[in-house]
Structures are given as C-alpha cells and as structure tokens.
Protein chains: 2
Amino acid sequence: MSRSGPDGATQEPTGAGRPRAGRRRGVSMADVARLAGVSAQTVSRVSTGHPGVVDSTREQVLAAMRQLGYRPNSAARALKYGEFRTIGVILFTLSSTGNSRTLEAIATHAADAGYVITLIPVGAPTQDRLLGAFTRLGELAVDAVIVIMEVHLLDAATVAVPPGVHVVVVDSDAGDRYRVVDTDQADGARQAVHHLLDLGHRTVWHVAGPRESFAAQRRALAWRTMLQERGRPTPQVRRGDWSAESGYRAGLDLAGDPDCTAVFVANDQMALGVLRALHDRGRSVPRDVSVVGFDDIADAGAFIPPLTTVHQDFAEVGRRCVEAVLRQVRTGVPETGTTLVSTRLVVRESTAPPPGG
Amino acid sequence: MSRSGPDGATQEPTGAGRPRAGRRRGVSMADVARLAGVSAQTVSRVSTGHPGVVDSTREQVLAAMRQLGYRPNSAARALKYGEFRTIGVILFTLSSTGNSRTLEAIATHAADAGYVITLIPVGAPTQDRLLGAFTRLGELAVDAVIVIMEVHLLDAATVAVPPGVHVVVVDSDAGDRYRVVDTDQADGARQAVHHLLDLGHRTVWHVAGPRESFAAQRRALAWRTMLQERGRPTPQVRRGDWSAESGYRAGLDLAGDPDCTAVFVANDQMALGVLRALHDRGRSVPRDVSVVGFDDIADAGAFIPPLTTVHQDFAEVGRRCVEAVLRQVRTGVPETGTTLVSTRLVVRESTAPPPGG
DNA sequence: TACCTCGATGTTTACGCAAACATCGAGTGT
DNA sequence: ACACTCGATGTTTGCGTAAACATCGAGGTA
C-alpha cells in the first residue's frame with residue numbers, strides 16, 4: 001500500500017468541502033484584499049494601523065474585514081516578527097495564595113502590555129521535572145520567562161534557558177544571575193518581631209517554613225538577627241511545611257512552654273494551626289500568647305481571633321515582574337539584581353502585651 | 001564583571017553584530033542542515049520523528065542540532081499546521097481556591113497532551129470586559145477555550161467565539177450551547193443537609209453565596225428542595241458574597257436566633273466567618289450549633305473547630321475540561337451537555353446532634 | 001512642456017517549517 | 001542484463017504576514 005497518509009487510508013482531497021477536524025484555515029489577508037479590491041499589502045497596512053492609506057480605501061478594507069470576519073493570524077505574525085508577545089510562567093503549584101495572586105497580577109499587567117501568559121506547570125519540585133520544563137520551554141513560543149518557585153533547583157537549570165529568552169525569578173536568591181523580584185521578607189519579619197517586642201514581650205518564638213524555602217530562610221534569619229540585635233534570647237525554632245496542619249503541631253509544642261508569650265509564624269496558614277493548637281490547650285490569644293502571621297491572606301481577618309500579620313503585596317510583585325521582564329525583552333539586555341517590594345504590618349486582635357506585662 | 005554573556009561585551013557575530021533587541025532569530029533547520037551536510041527536509045524528518053531516515057544520518061543531524069542548540073520554531077509550525085496546540089483559559093479571578101486549583105489541573109493535563117495554556121484574564125465580570133476578552137481571543141493563538149466563571153454574561157458573548165474555536169465552560173448553566181463541566185453542586189448540598197438532618201436537627205439554615213453565582217443558586221436550590229421533600233420548614237436564606245467577612249455578618253445574625261442549631265454554609269470561607277461569629281456570640285460549635293461548609297479548602301481541617309464540609313474535586317473538574325475540549329478539537333464537532341463531577345462529605349468536628357437532641 | 005517630488009498603492013521576497021513530489025541508487029525478480 | 005521496486009534523501013512549494021522595493025499618477029516647479 002502506498003502509505004501516502006498516516007493511516008494508509010484514502011487521503012482526502014483537500015479541495016473537497018470536508019470540515020477537516022482541527023484545521024481552521026480561516027480568512028486570510030488575501031481574501032480580504034480580493035473582496036476589497038486592493039492588494040494584500042494594503043490590507044496589512046490597515047490591519048497594523050500604518051499610515052499612508054487613504055480614508056476611502058481604509059474604509060473599504062475595514063468593511064471587507066468585518067464582512068469576512070477576518071482576524072490576523074498570530075502564528076504568521078510571530079514568524080514574521082521573530083517574537084511571540086508571550087511570557088511563559090513556570091511554577092510548581094497554584095495552591096498557595098501568594099502564587100495565585102502573583103500570577104493573576106502578572107497576567108493582568110502582561111495583557112495591558114499586549115502580551116499573554118503561557119503556563120508551564122512543573123509537577124513536582126525536582127531537578128528532573130524542572131529541567132524538563134526548561135527543555136519544553138525551548139520549544140515553546142515565549143519571549144521571556146518568569147519563574148515562581150524555590151530556587152535551589154535553578155542552578156542546574158541555568159544552562160537550559162534558551163538563548164535570547166529573558167528571565168525573572170520570584171522568591172529566590174539568584175539575584176546574581178537573574179533579575180529577582182520578591183517581597184521584602186526580612187523587613188516584614190523585622191516589623192513582626194518589632195511589634196511584639198514593643199508590646200513588652202521578653203522575646204519571640206518562631207515557627208518557620210520549610211528549610212528549602214528561601215522565603216522561610218529569610219524570615220527566620222531576620223527574626224534571629226533582630227532578637228540578637230536587641231539582646232534577647234533566641235528560642236529554638238519550630239519548623240513547619242507552610243500547612244495549617246504543621247502549624248497545629250508546632251502550636252501544640254509551643255503551648256507546652258509557659259514562657260512562650262509571643263510567636264511569629266512564617267505564614268498565615270501555619271498561624272491558623274497555631275491558633276487552633278493554643279485554643280485546644282486552653283491558652284488564650286492574645287491574653288496568654290500573641291501570634292503574628294505572614295501573608296495577610298483573605299481570611300486572616302476572620303481567624304479566631306483576627307490575625308495580626310505582615311501584608312504582602314503580591315499584585316505589586318507581579319507588576320514588577322512584568323515590568324522587568326518586558327524591559328529586558330525591549331532592550332535585549334539581561335538584568336541581574338534584586339527588586340524588593342515592601343510589606344506592612346496589619347495589626348488585628350491576635351497580639352497584646354504579655355500577661356502581667 | 002566580565003561574564004562574557006550578552007552584556008554588551010563580545011557578542012556572537014550574528015551577521016552585523018548588533019544585539020537586535022527582541023529579535024532572536026535563532027538557529028533554523030537550514031543551519032542545522034548545512035552543518036550536518038543534509039537537506040533541511042531531512043532535518044525536519046528527524047525533528048518530527050518521522051521514519052525513513054537512516055540511523056547514521058539521524059545521528060549526524062542530532063549532533064548538529066545539539067551543537068547549534070537548535071529548537072524548532074513553534075510559530076512556523078503553527079503556521080504550517082494551522083493549529084497552535086494551545087488552549088486559552090478565560091477567567092475573572094484566581095483568588096478563589098477553586099479557580100486556582102481547577103486551572104492548575106487544566107494546565108497539568110493539557111501539558112500531558114502536548115498542549116499549553118494561555119491565560120486570558122478578564123478584569124471585572126462585566127459584559128464589556130468579557131466581550132473584550134472574547135475579541136482579543138480572536139487574535140490569540142488558541143485552538144480552544146475553557147471559560148471559568150459565572151455565566152449569565154456568556155449569553156452576549158456567544159456570538160463572539162471565533163469559528164473553529166471550541167469551548168468548554170465551568171460553573172454555568174450553558175449546557176445547551178456548550179459543553180459544561182462542573183461539580184455536582186446539588187448532590188453536594190444534599191449530602192450536607194442530609195447529614196445534618198440525620199444528626200437529628202429539626203431543620204437547616206442556609207448561608208448562600210451571591211445571587212449571580214450559579215454554584216450558589218444550585219446549592220441553595222438543592223438545600224431548599226431537600227428540606228421540602230422531608231417536610232421541614234425552610235428558614236430564610238442569609239446571603240453572603242463568598243468572603244469570610246460576609247459569613248461573619250450572616251453568622252452574627254444567625255447567632256441571634258435560638259432556634260438555629262444547624263447551618264449549611266455555601267462555602268468554607270464564609271463558614272469560617274460563621275464560626276467566628278458564633279464563637280464571638282458565645283454559641284459553641286458543634287454543641288449549640290452545627291456548621292457544614294462547601295469546598296474543603298486546605299485549611300478547613302484547621303478551623304476552630306475543624307470544619308465538616310463538602311469536598312470538591314477541582315482536579316477532576318480540570319481533567320474533564322481538558323478531556324472534553326481536546327475531544328472537540330480532535331473531532332471538530334462541538335459538544336453540548338453537562339458533565340458532573342461528584343462530591344463527598346468530609347465529616348470533621350463542626351457537626352453534632354442538636355442540644356438536648 | 002519637461003522634469004521632479006511625493007504620496008498611495010502594488011509586487012516581491014523572506015520568515016521556518018513540513019507536505020508533496022522528484023530523484024537517485026541499491027537490491028530483486030526474471 | 002534489464003526493468004522494476006522501494007527506501008533514503010533532495011527539491012519545490014505554500015502556510016499568512018509585512019518589510020523592502022517598485023510603480024504610478026497627480027501636482028508643483030523651472
């Protein structure tokens with residue numbers, strides 16, 4: 001059998017009126033040009049808004065476009081221009097509020113600049129998967145990439161970034177290799193600790209995020225540094241995995257320590273768990289123990305009691321990411337260095353002076 | 001400081017040597033072909049994995065590809081094939097857990113099928129914005145669209161879907177026009193009410209979501225229907241906007257009604273607010289009042305007390321969306337009808353028999 | 001009037017890829 | 001030995017667009 005078609009069956013004659021699944025070969029400039037009685041180039045000029053087309057002609061062309069339902073083929077444009085007007089976003093998970101909201105801001109601001117976002121999900125945070133994502137990236141139609149993740153892993157992947165594709169990273173210490181945009185974790189943590197010490201607490205306990213997280217590292221470091229600067233003892237760190245469940249375990253542990261009157265928890269979800277643990281152990285918040293979180297998630301104000309926490313401006317992080325990445329695309333010059341977005345402490349009802357303080 | 005990369009320092013001699021912002025005119029098949037000493041078509045065959053290339057030749061080509069860092073230009077491929085292998089996702093917001101997780105599942109499953117996701121954010125849920133999104137869609141390089149939203153608005157936008165672009169909708173009643181994939185809201189609500197009645201509560205109060213939401217409508221309808229079927233009184237509905245804050249207000253209201261011993265809240269965030277309101281008013285959960293939520297967000301188990309709630313399988317919703325949309329792309333035949341994803345009740349500690357029951 | 005300018009529009013070409021078709025040469029059958 | 005087959009590879013072509021260049025005609029200038 002002459003294997004002319006993929007399945008050896010009779011190949012359809014493309015001219016016949018079969019609906020051709022998938023192929024939607026739409027209206028092209030040539031079709032519009034024919035109807036309007038002009039050349040395809042004139043249609044192109046109208047379509048791109050170039051000057052040098054007389055009004056009457058322009059009107060004719062626009063009418064023809066409307067009549068045929070013409071829409072420019074972005075693949076052809078991309079081919080011609082050598083750019084896709086697309087930004088890839090590599091991320092591990094959307095389950096964290098921060099990632100979702102950053103992504104949303106990125107998408108919005110990219111859209112404003114005429115760019116669209118392509119999502120490149122990386123199943124699990126392993127080197128393999130990440131390299132796979134970067135490899136796939138090579139075949140993807142993107143002009144630039146924003147990476148949202150914990151970035152020890154980025155090292156090995158460095159080589160894999162296709163040449164000419166610009167990179168911005170969120171939540172990383174890769175500022176020596178890429179442009180990094182991040183919340184000012186250290187300052188946020190300092191505000192939290194400062195607030196608790198100012199209320200009169202002798203020192204502040206800490207429930208940290210996972211060891212691999214740079215955000216967690218920096219929050220913990222700032223907490224420790226601040227206590228040392230003020231000459232306060234630094235209690236042993238409890239460590240969670242960002243989940244409320246892990247916060248609950250840490251909270252049970254802390255509840256057993258009568259000295260503990262103030263806790264800085266590295267995120268709101270774990271803080272929720274801490275609150276429940278303290279509640280379960282009969283320790284009143286804020287009367288017996290004060291708790292400060294980090295993130296200011298939407299629900300923080302509805303916790304029992306409403307949580308004092310460090311507000312992160314994810315929208316601003318997203319905005320800066322897009323700004324930086326498009327700047328690189330425009331100039332063609334890769335950037336390095338870190339851009340910090342400031343935080344602010346939102347004081348609610350989970351903090352108070354220490355008992356008898 | 002030399003880092004010899006594209007820093008403005010020694011640029012690779014790409015013709016004139018100017019860094020050409022944006023243009024990254026990479027390695028093409030022709031370049032690979034030249035180096036490997038074969039024709040471009042042979043490179044193409046290797047690149048697409050077509051048979052009919054002898055091993056030695058293939059090796060040569062692959063070596064040349066590696067050496068030059070070749071990666072296929074997806075714009076050219078898209079132009080040639082007439083398809084983009086891209087699915088657009090239109091959504092209003094990622095701030096709801098459900099949307100984020102559905103999106104994540106969509107992205108993952110699309111990736112498995114060799115498709116990528118393009119995000120089309122719609123700022124505000126207004127007809128104008130939505131029409132704008134659909135219009136932009138026309139210029140976008142997508143083969144199909146998944147719409148995640150409340151869909152009264154979809155009516156007007158119907159006409160705007162470009163021909164040949166297939167559509168799947170989440171959370172809608174547009175099943176007569178599009179394929180709709182959704183959680184089985186009604187069944188979830190029935191399970192919640194059933195559970196509370198079985199515990200011995202005389203009837204069940206309801207805190208509903210916003211009037212415009214189809215999910216909210218269906219949950220409320222199922223709640224009402226179930227009570228009527230069982231011959232129970234149907235208390236007046238309290239209505240919130242999905243936020244914990246609105247749940248708190250509804251909760252304060254309910255706390256004032258001593259008859260109220262069981263509440264079905266239309267989502268977990270509002271349930272969080274209800275819990276806090278009951279706590280603030282000194283009504284113990286579940287001793288005095290039982291509360292059931294909807295969604296089973298990650299934190300639900302850490303509420304005070306841990307929340308009994310209806311678990312939604314967002315991952316499955318996303319999977320079914322991709323499945324349906326790709327089926328339409330493959331066959332070229334648009335589908336209608338509704339696909340329901342089942343729910344299950346997760347019983348935790350916020351429900352118990354009524355006081356004195 | 002002859003010549004030039006300049007604006008409006010048309011024609012050619014290339015972007016990178018892969019289907020369709022062409023070629024070439026080594027084996028196969030008679 | 002000759003035609004013939006078939007697999008491996010090369011050549012041509014076109015996808016839709018827009019830059020670069022070509023043309024054409026109206027109006028201005030000497």
Side-chain angles (χ1 to χ4, degrees), chain A residues 1-8 11-15 20 22-34 36-61 65 68 70-85 138-141 164, chain B residues 14-15 20 22-34 36-61 65 68 70-85 138-141:
Chain A
M1 275 294 108
S2 69
R3 36 182 309 284
S4 64
D7 27 348
Q11 191 73 356
E12 71 219 7
T14 322
R20 300 273 288 169
R23 287 289 163 95
R24 78 186 138 90
R25 287 279 171 258
V27 182
S28 77
M29 287 201 324
D31 302 319
V32 177
R34 204 169 307 121
V38 300
S39 73
Q41 182 57 31
T42 299
V43 177
S44 169
R45 280 189 265 258
V46 172
S47 170
T48 53
H50 276 215
V53 179
V54 111
D55 281 354
S56 61
T57 310
R58 178 186 310 279
E59 274 316 313
Q60 258 177 337
V61 171
M65 282 180 173
L68 295 174
Y70 167 76
R71 52 204 190 96
N73 178 316
S74 54
R77 281 199 169 158
L79 179 59
K80 190 86 181 92
Y81 288 135
E83 59 177 30
F84 304 99
R85 301 194 74 79
E139 294 156 22
L140 249 43
Chain B
T14 314
R20 299 274 287 168
R23 287 290 162 92
R24 76 187 140 89
R25 288 276 170 262
V27 182
S28 78
M29 286 199 328
D31 302 319
V32 176
R34 205 169 307 121
V38 299
S39 74
Q41 182 55 31
T42 299
V43 177
S44 167
R45 280 190 266 257
V46 172
S47 171
T48 52
H50 277 214
V53 180
V54 110
D55 280 354
S56 61
T57 311
R58 178 185 310 278
E59 275 316 313
Q60 259 178 335
V61 171
M65 282 179 172
L68 296 175
Y70 169 76
R71 58 205 188 95
N73 179 314
S74 55
R77 278 198 174 159
L79 180 58
K80 188 92 180 91
Y81 287 137
E83 61 176 28
F84 304 98
R85 299 194 75 77
E139 294 156 20
L140 249 43

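Labels below follow one simple rule: chain letters A, B, ... track the order of the sequence lines, proteins then strands, and each chain is numbered from 1. Nothing here was measured: the structure is a model prediction, and the numbers come from that model.
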Length of the line joining [X]:[atom1] and [N]:[atom2], which is rounded to integer Å:
{"X": "A:Arg85", "N": "D:dA18", "atom1": "CZ", "atom2": "P", "result": "12 Å"}
{"X": "B:Lys80", "N": "C:dA19", "atom1": "NZ", "atom2": "C1'", "result": "5 Å"}
{"X": "B:Leu79", "N": "C:dA18", "atom1": "CG", "atom2": "C1'", "result": "11 Å"}
{"X": "B:Met29", "N": "C:dA14", "atom1": "CE", "atom2": "P", "result": "17 Å"}
{"X": "A:Glu59", "N": "C:dT9", "atom1": "CD", "atom2": "P", "result": "13 Å"}
{"X": "A:His50", "N": "D:dA20", "atom1": "NE2", "atom2": "C1'", "result": "13 Å"}
{"X": "B:Glu83", "N": "C:dC17", "atom1": "CD", "atom2": "P", "result": "17 Å"}
{"X": "B:Arg34", "N": "C:dG16", "atom1": "CZ", "atom2": "P", "result": "11 Å"}

Heavy-atom side-chain proximity of A:Glu59 to A:Asp55 below 4.5 angstrom: no

Sub-4.5 Å side-chain heavy-atom contact between A:Val61 and A:Arg45: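 A:Val61 does not reach A:Arg45 side chain to side chain.
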
Look at the side-chain N and O atoms of [X] and state whether any lies under 4.0 Å from the OP1 or OP2 oxygen of [N].
{"X": "A:Arg77", "N": "D:dG16", "result": "no"}
{"X": "A:Ser44", "N": "D:dA19", "result": "no"}
{"X": "B:Ser28", "N": "C:dC15", "result": "no"}
{"X": "B:Tyr81", "N": "D:dC15", "result": "no"}

Which pair of non-hydrogen atoms, one from [X] and one from [Y], has the smallest distance, and what is that distance?
{"X": "A:His50", "Y": "A:Arg58", "result": "O-NH2, 3.8 Å"}
{"X": "B:Asn73", "Y": "B:Ala76", "result": "OD1-N, 2.9 Å"}
{"X": "B:Tyr70", "Y": "B:Ser28", "result": "CE1-C, 3.8 Å"}
{"X": "A:Ser39", "Y": "A:Ala33", "result": "C-CB, 3.6 Å"}
{"X": "A:Tyr81", "Y": "A:Thr48", "result": "OH-CG2, 4.2 Å"}

Rounded distance [0.5 Å steps], CZ in A:Arg71 versus CE in A:Met65: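 Reported to 0.5 Å precision, the distance equals 13.5 Å.
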
Point-to-point distance, once rounded to the nearest 0.5 Å, from OG of B:Ser74 to CZ of B:Arg85: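 It is 12.0 Å, given to the nearest 0.5 Å.
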
Options C:dT9, D:dT9, C:dA18, nucleotide nearest the side-chain atoms of B:Thr57: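 That would be D:dT9.
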
Measure all distances between protein nitrogen or oxygen atoms and nitrogen or oxygen atoms of nucleotides 4-7 of chain C, and list the pairs falling under 3.5 Å.
none

Which residue lies more 5' along DNA chain C, comparing B:Pro72 with A:Asp55 via nearest heavy atoms: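 Result: A:Asp55.
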
With 3.5 Å as the limit, what N/O pairs link the protein to nucleotides 25-27 of chain D?
none

Sugar-phosphate, base or nothing in reach of A:Val53, heavy atoms under 4.0 Å: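 Touches sugar-phosphate only.
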
Under 3.5 Å side-chain donor-acceptor pair for A:Arg77 and A:Ser47: yes

Listed pairs, N/O of protein and of nucleotides 10-12 of chain D, under 3.5 Å:
{"unit_1": "D:dG10", "atom_1": "OP2", "unit_2": "B:Ser39", "atom_2": "N", "d": "2.9"}
{"unit_1": "D:dG10", "atom_1": "OP2", "unit_2": "B:Ser39", "atom_2": "OG", "d": "3.0"}
{"unit_1": "D:dG10", "atom_1": "OP2", "unit_2": "B:Thr42", "atom_2": "OG1", "d": "2.7"}
{"unit_1": "D:dG10", "atom_1": "N7", "unit_2": "B:Arg45", "atom_2": "NH2", "d": "2.9"}

